[in-house]
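Let me begin by presenting the structure, written as structure tokens, before commenting on it.
Computed from a prediction, not measured in an experiment: that's the story for all the values here. Along the sequence shown, residues are numbered consecutively beginning with 1.
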Amino acid sequence: MPKKVCLVLLMLIFFQQAFAMETAVKVTPAIKYSTSKATPKEGDYIEFKTIEDIGQIKAGTKVTGLLTERKENGFSKKTGSLYIEQFKMNGKNLDGIVYQKGNEHPVYFEYFDWLFSLPIRIFSPENSFVRGGEAFLKPNVDIFTLYLRE
């Protein structure tokens, strides 16, 4: 009997992470962000807010995340993107990543692009007149799920 008790205690000590609870926290951006503006830049903190009450966490609680990668949209169908991680809320870390990518253009853009950029393609086949889509983070439209580990 004492061996079983010792075994259970050792398992509880060494396998604590297996019993950790995760709470899902839904967040939305506090203001509208996009890749079309000069801000935010890589290294800036992006503000989010919680959507619903979860235990002691009230709706509207401020959450910040670090913008680690920002790509602007450009010609030749290069889409913009935002990559945000390292979230914090009330001094606690949240697990999760927010990745937002710009829209792809419809197929008929390919035909117009081929027609209008034909003179350019003679000298440089990879160039194109079509710009890629911008990445947006819109309040109350874009909702992301992060996890609070307790």
Side-chain angles (χ1 to χ4, degrees), residues 11-150:
M11 286 177 58
L12 286 173
I13 292 170
F14 290 111
F15 298 112
Q16 275 185 331
Q17 289 296 332
F19 300 112
M21 297 286 294
E22 285 187 346
T23 305
V25 179
K26 293 189 178 190
V27 297
T28 187
I31 61 172
K32 182 179 178 181
Y33 296 101
S34 77
T35 56
S36 65
K37 300 176 183 174
T39 56
K41 297 177 181 170
E42 289 182 7
D44 288 349
Y45 285 93
I46 306 293
E47 287 190 19
F48 292 84
K49 61 182 179 179
T50 58
I51 294 176
E52 53 195 23
D53 293 343
I54 303 168
Q56 295 179 352
I57 302 167
K58 300 296 179 196
T61 302
K62 181 180 167 184
V63 176
T64 58
L66 180 65
L67 179 63
T68 55
E69 184 179 313
R70 179 183 187 267
K71 291 184 181 177
E72 292 190 29
N73 61 319
F75 290 104
S76 299
K77 299 173 260 180
K78 294 179 185 171
T79 58
S81 64
L82 296 168
Y83 190 85
I84 305 162
E85 56 187 342
Q86 299 178 15
F87 291 93
K88 292 192 184 288
M89 175 182 65
N90 297 337
K92 297 178 183 176
N93 293 333
L94 294 170
D95 294 334
I97 295 171
V98 169
Y99 177 73
Q100 193 74 351
K101 184 178 177 185
N103 292 335
E104 300 289 333
H105 292 299
V107 174
Y108 62 84
F109 271 59
E110 299 286 331
Y111 301 115
F112 290 125
D113 179 46
W114 182 84
L115 181 66
F116 292 119
S117 64
L118 192 58
I120 292 176
R121 288 183 182 270
I122 294 171
F123 301 106
S124 181
E126 68 275 354
N127 286 339
S128 147
F129 280 126
V130 176
R131 287 180 61 91
E134 299 172 7
F136 291 99
L137 290 174
K138 298 177 185 174
N140 301 320
V141 174
D142 296 321
I143 298 172
F144 305 98
T145 304
L146 304 173
Y147 295 95
L148 176 63
R149 196 177 293 243
E150 297 180 37

Could you pull out the closest heavy-atom pair between A30 and P139, with the gap in Å?
O-CG, 4.0 Å

Which pairs pass ring pair (Phe, Tyr, Trp, His ring centres under 6.0 Å) with one or both residues in residues 46-67, sequence neighbours excluded?
F48-F87

Short side-chain to backbone donor-acceptor contact, T35 and A135, under 3.5 Å
yes

Once salt bridge (charged side-chain N to carboxylate O under 4.0 Å, His left out) is applied, do any residues pair with D142, and if so which ones, sequence neighbours excluded?
none

Identified side-chain contact (heavy atoms from CB on, under 4.5 Å) counterpart of Y33 within the set Q100, R70, E47
E47

Going by the rule side-chain contact (heavy atoms from CB on, under 4.5 Å), which residues pair with Y99 if we only count those two or more places apart in sequence or in a different chain?
S81, Y83, K101

Under a 4.5 Å cut-off applied to non-hydrogen side-chain atoms, are L67 and L82 in contact?
yes

Looking at CD1 of I97 and CZ of F144, how far apart are the two atoms once the value is rounded to the nearest 0.5 Å?
12.5 Å

Residues in side-chain contact (heavy atoms from CB on, under 4.5 Å) with I51, at least two apart?
K26, T28, I143

List for me each residue that meets side-chain hydrogen bond (donor to acceptor under 3.5 Å, both in side chains) alongside T145, sequence neighbours excluded, and say none if there are none.
none

Could you give the distance from CG (D95) to CD (Q86), rounded to the nearest 0.5 Å?
11.5 Å

Between atom OH of Y147 and atom CG of L94, what is the distance when rounded to the nearest 0.5 Å?
11.5 Å

Taking P29 as the fixed residue, which of V141, N140, L137, I84 is the one that meets the side-chain contact (heavy atoms from CB on, under 4.5 Å) rule?
L137

What residue pairs, at least two apart or across chains, pass side-chain hydrogen bond (donor to acceptor under 3.5 Å, both in side chains) with a residue in residues 50-69?
T68-E85

Identify, with sequence neighbours excluded, every residue that meets side-chain hydrogen bond (donor to acceptor under 3.5 Å, both in side chains) alongside K32.
none

Rounded at 0.5 Å granularity, tell me how far OG1 in T79 sits from CD in E134.
11.0 Å

How far does CG of L148 sit from CE of M89, to the nearest 0.5 angstrom?
5.0 Å

Considering residues at least two apart in sequence or located in another chain, which fulfil the side-chain contact (heavy atoms from CB on, under 4.5 Å) criterion with N93?
K88

